[in-house]
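Let me begin by presenting the structure, written as structure tokens, before commenting on it.
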Amino acid sequence: MSVPLYQAKAELFRTLGHPVRIRVLELLQDGPRPVRDLLAAIDVEASNLSQQLAVLRRAGMVTSYRDGPLVMYALSTPDVADLLAAGRRILGAVLTDRDGLLDELRASGTDR
């Protein structure tokens, strides 16, 4: 028995429901990165990052591979970056200037 499309979409959005996962996806928009670089850019314990990367891998949003001694991560498809950009546009459309978040969003000029 297959999963209904709406349920699969809900699972996809649940996967995006953690700030560390979002940050990882943002960082990977610029191309593949080794785990050590992700860890340096995100203020979390290595075990927490590992758990979040595993969630993203299981969901098919990132891929991993070895490059010599390094474990590299990459977005599985450019569509993931498009989804992040859509999220930024939606936030811009629905936010009111609450605590300067909208100003920060506009000033950033990027999807990060």
Side-chain angles (χ1 to χ4, degrees):
M1 183 174 195
S2 66
V3 174
L5 181 57
Y6 63 85
Q7 187 173 343
K9 286 180 183 178
E11 287 297 321
L12 172 72
F13 285 109
R14 249 190 302 279
T15 299
L16 296 173
H18 194 286
V20 171
R21 292 182 218 143
I22 294 292
R23 186 66 184 128
V24 165
L25 296 174
E26 290 174 343
L27 291 168
L28 294 177
Q29 289 181 95
D30 296 330
R33 295 183 77 162
V35 172
R36 69 176 184 205
D37 288 3
L38 295 172
L39 194 55
I42 304 171
D43 187 26
V44 296
E45 296 291 324
S47 60
N48 188 353
L49 179 60
S50 178
Q51 290 173 349
Q52 302 311 324
L53 287 167
V55 170
L56 291 170
R57 266 194 330 268
R58 282 193 302 273
M61 299 188 85
V62 299
T63 59
S64 64
Y65 60 93
R66 284 209 169 270
D67 184 9
L70 301 175
V71 177
M72 304 290 291
Y73 279 85
L75 296 180
S76 61
T77 172
D79 292 333
V80 174
D82 294 343
L83 180 60
L84 294 172
R88 184 180 186 283
R89 287 190 306 273
I90 292 166
L91 280 173
V94 300
L95 284 178
T96 58
D97 191 7
R98 187 179 68 203
D99 301 325
L101 186 57
L102 185 57
D103 289 339
E104 182 182 336
L105 186 66
R106 288 181 177 148
S108 71
T110 67
D111 291 328
R112 296 178 190 106

Please list, one pair per line, the donor and acceptor atoms closer than 3.5 Å that link side chains of residues 12-19 to other protein atoms, with sequence neighbours excluded.
residue : atom : partner : partner atom : Å
R14     : NE   : E11     : OE2          : 3.4
R14     : NH2  : E11     : OE2          : 2.4
T15     : OG1  : E11     : O            : 3.0
H18     : ND1  : V20     : N            : 3.1

Scanning both residues in full, the closest heavy-atom pair of A74 with P32 reads CB-CG, 3.9 Å

Heavy-atom nearest pair, A41 first then L27, reads CB-CD1, 3.7 Å

Answer whether the closest heavy-atom distance between the side chains of I22 and L84 falls below 4.5 Å.
yes

Nearest heavy-atom contact between A81 and Q29 is CB-OE1, 3.6 Å

Value for NZ (K9) from CG (L5), rounded to nearest 0.5 Å, stands at 4.5 Å

Residues passing the side-chain contact (heavy atoms from CB on, under 4.5 Å) test with S50, sequence neighbours excluded, are none

Any heavy-atom pair between the side chains of R88 and L91 that's under 4.5 Å? no

Rounding to 0.5 Å, atoms CZ (R21) and CD1 (I42) come to a distance of 12.0 Å

Checklist entry - In terms of hydrophobic clustering (I, L, V, M, F, W, Y; side-chain heavy atoms under 4.5 Å; direct or indirect links), are V55 and V44 co-clustered? => result no

* Asked: Which is it for L53 and L38 under the side chain to side chain contact (heavy atoms under 4.5 Å, CB included) test, yes or no, and what are the steps along the way?
  -> CA-CA 10 Å; L53 287 167; L38 295 172; 4.1 Å; yes

Sorted by chain and number, sequence neighbours left out, side-chain contact (heavy atoms from CB on, under 4.5 Å) with P4 holds for Y6, Q7

Across all chains, not counting sequence neighbours, the side chain to side chain donor-acceptor pair (under 3.5 Å) partners of N48 are Q52

Taken to the nearest 0.5 Å, the spacing of L49 CG from D43 CG works out to 11.5 Å

Residues 61-73 vs side chain to side chain donor-acceptor pair (under 3.5 Å), sequence neighbours excluded, gives R57-Y73

R33 meets the side chain to side chain donor-acceptor pair (under 3.5 Å) criterion, sequence neighbours left out, with none

Q. Under 4.5 Å between any side-chain heavy atoms of L70 and V35, yes or no?
A. no

Distance col, row M61:CE vs T77:OG1, nearest 0.5 angstrom, shows 9.5 Å

